[in-house]
Engineer: 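Dropping the structure in here first, questions after.
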Amino acid sequence: GKHDMALVTADVNYGGSTYCGTRHDVGVVGAAPALALVGDTIFLVTLDSTMNEVSIRTYLGGEKWSEPRAVPHSATNFDPVAVGGKERGCVFLRRATGWAVARFDAAKIDEPVAIPDRVGVAGCDLSAIEIWGSVLVVNRHDDGTIATRWIRWVASGCEGEEGPKLDFTS
């Protein structure tokens, strides 16, 4: 080829491969699935096609998953956000009134609890990761600004504090 300002065309319909291995359907979903690693166990979090229930499956090995375990009162119109952790994971559920979160492990799924306004997690796009036992939440606002908050669990629910400042927008 020659690098210059001329128009470049290519036929990308042959000569390459898009094979990623055997596809194994797990189920029909209504939103993007999410994976989380809790301890040494992989969990798959999905929202059903009617958007009435989020469920969690455990990876059993050998390309097999457990039956789904329902997250109680988990209807949502948005993708669930799953966060792994050392001992427990959590599923963030976006609602019209803000975010709720349910903690889980291999044996138990807690009832989702609304994240109180005082914690400071905005009702917009959210990503999260567990670091040193606390969850760092990153919110992307409609104007492109990004804000972070630390969430930690206490006996009365969850508490929050300001996270690191980010000097860029999305």
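These numbers were taken from a predicted model, which means no experiment stands behind them.
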Engineer: Asp125 side chain to Arg140 main-chain N or O, any donor-acceptor pair under 3.5 Å?
Structural biologist: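 Checked: no pair found.
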Engineer: Does any part of the side chain of Trp150, heavy atoms only, come nearer than 4.5 Å to the side chain of Ile131, both counted from C-beta?
Structural biologist: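 Contact flag for Ile131/Trp150 side chains = yes.
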Engineer: Do the side chains of Glu161 and Arg152 get close enough for a salt bridge, i.e. N-O under 4.0 angstrom?
Structural biologist: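 Counted as a salt bridge, because a side-chain N and a carboxylate O are separated by less than 4.0 Å.
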Engineer: Looking at every non-hydrogen atom in both residues, tell me the closest pair between Asn139 and Gly120 and how far apart they are.
Structural biologist: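 It is OD1-O, 4.5 Å.
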Engineer: One thing to verify: whether Lys165 and Asp167 come together as a salt bridge, which I'm taking to mean a side-chain N less than 4.0 angstrom from a carboxylate O.
Structural biologist: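 Salt bridge between Asp167 and Lys165, a charged N being under 4.0 Å from a carboxylate O: no.
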Engineer: So for atom CG, which belongs to Leu166, do other residues, nucleotides or ligands contribute more than 12 heavy atoms lying within a distance under 6.0 Å?
Structural biologist: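 Enclosed.
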Engineer: Tell me whether Val91 shares a hydrophobic cluster with Val83, the cluster being built from Ile, Leu, Val, Met, Phe, Trp, Tyr side chains joined at under 4.5 Å.
Structural biologist: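 Looking at the clustering, Val83 is in a separate group from Val91.
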Engineer: Evaluate the side-chain proximity of Trp153 to Val135: yes if any heavy-atom separation is below 4.5 Å, no if none is.
Structural biologist: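 The answer is yes, as the side chains (C-beta and beyond) meet within the 4.5 Å cut-off.
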Engineer: Of all heavy-atom pairs between Ala128 and Val81, which one has the smallest distance, and what is that distance?
Structural biologist: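 Reported closest heavy-atom pair: N-CG1, 4.5 Å.
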Engineer: Tell me whether Val28 is reachable from Met51 by hopping between hydrophobic residues (I, L, V, M, F, W, Y) whose side-chain heavy atoms are closer than 4.5 Å.
Structural biologist: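 No, Met51 and Val28 fall in different hydrophobic clusters.
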Engineer: Give every residue pair that meets the ring pair (Phe, Tyr, Trp, His ring centres under 6.0 Å) criterion with at least one member in residues 96-126, sequence neighbours excluded.
Structural biologist: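 Non-adjacent pairs meeting ring pair (Phe, Tyr, Trp, His ring centres under 6.0 Å): Phe43-Phe104.
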Engineer: Which heavy atom of Thr148 sits nearest to which heavy atom of Pro164, and what is that distance?
Structural biologist: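 Nearest heavy atoms, Thr148 then Pro164: OG1-O, 2.5 Å.
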Engineer: For the CZ atom of Arg57 and the CD atom of Glu67, what is their distance to the nearest 0.5 Å?
Structural biologist: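 CD of Glu67 is found 6.0 Å from CZ of Arg57.
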Engineer: Do you know which two heavy atoms are closest between Ala75 and Arg95, and how far apart they sit?
Structural biologist: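 In this case the closest contact between Ala75 and Arg95 is O-NE, 3.3 Å.
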Engineer: Got a sec: does the CG of Asp142 have more than 12 other heavy atoms crowding it under 6.0 Å?
Structural biologist: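 12 or below, so no.
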Engineer: So, taking the atom named CD1 in Ile115 and the one named CZ in Arg94, what distance separates them when rounded to the nearest 0.5 Å?
Structural biologist: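 Nearest 0.5 Å value for the CD1-CZ distance: 12.0 Å.
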Engineer: Within the structure provided, determine whether Phe168 and Ile146 are in side-chain contact (heavy-atom separation under 4.5 Å).
Structural biologist: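 Phe168 vs Ile146: side chains touch.
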Engineer: More than 12 heavy atoms of other residues, nucleotides or ligands under 6.0 Å from CG of Asn52: yes or no?
Structural biologist: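 Result for CG/Asn52: enclosed.
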Engineer: Looking at every heavy atom in both Gly84 and Val38, which two are closest together, and how far apart are they?
Structural biologist: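 Nearest pair, atom of Gly84 first, then Val38: CA-CG2, 4.1 Å.
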Engineer: Looking only at non-hydrogen atoms, find the nearest pair between Asp79 and Ala32 and report the distance.
Structural biologist: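 Heavy-atom minimum between the residues: OD1-N, 3.0 Å.
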Engineer: Measuring from atom OG of Ser66 to atom CG of Leu44, what distance do you get when rounded to the nearest 0.5 angstrom?
Structural biologist: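 Atom-to-atom, Ser66:OG and Leu44:CG are 9.0 Å apart.
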Engineer: Please report the interatomic distance NE2(His141) to OG1(Thr169), rounded to the nearest 0.5 Å.
Structural biologist: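 Here the interatomic distance stands at 12.0 Å.
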Engineer: Do Leu126 and Val119 sit in one hydrophobic cluster, given that two such residues count as connected whenever their side-chain heavy atoms are within less than 4.5 Å of each other, even indirectly?
Structural biologist: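 Looking at the clustering, Val119 is in the same group as Leu126.
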Engineer: If hydrophobic clusters are built by linking Ile, Leu, Val, Met, Phe, Trp and Tyr wherever their side-chain heavy atoms come under 4.5 Å apart, do Val101 and Leu93 end up in the same one?
Structural biologist: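 Val101 does not cluster with Leu93.
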Engineer: Roughly how far apart are Arg149 CZ and Ser134 OG, rounded to 0.5 Å?
Structural biologist: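 Reported value, rounded in 0.5 Å steps: 12.5 Å.
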Engineer: Would Tyr59 and Leu37 count as a side-chain contact (heavy atoms from CB on, under 4.5 Å) here? Give the steps.
Structural biologist: CA-CA 10 Å; Tyr59 184 65; Leu37 181 65; over 6 Å; no
Engineer: Is the closest side-chain heavy-atom distance between Val113 and Cys158 below 4.5 Å?
Structural biologist: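 No, their side chains stay 4.5 Å or more apart.
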Engineer: Distance from Thr46 atom OG1 to Leu35 atom CG, nearest 0.5 Å?
Structural biologist: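 That separation rounds to 10.5 Å.
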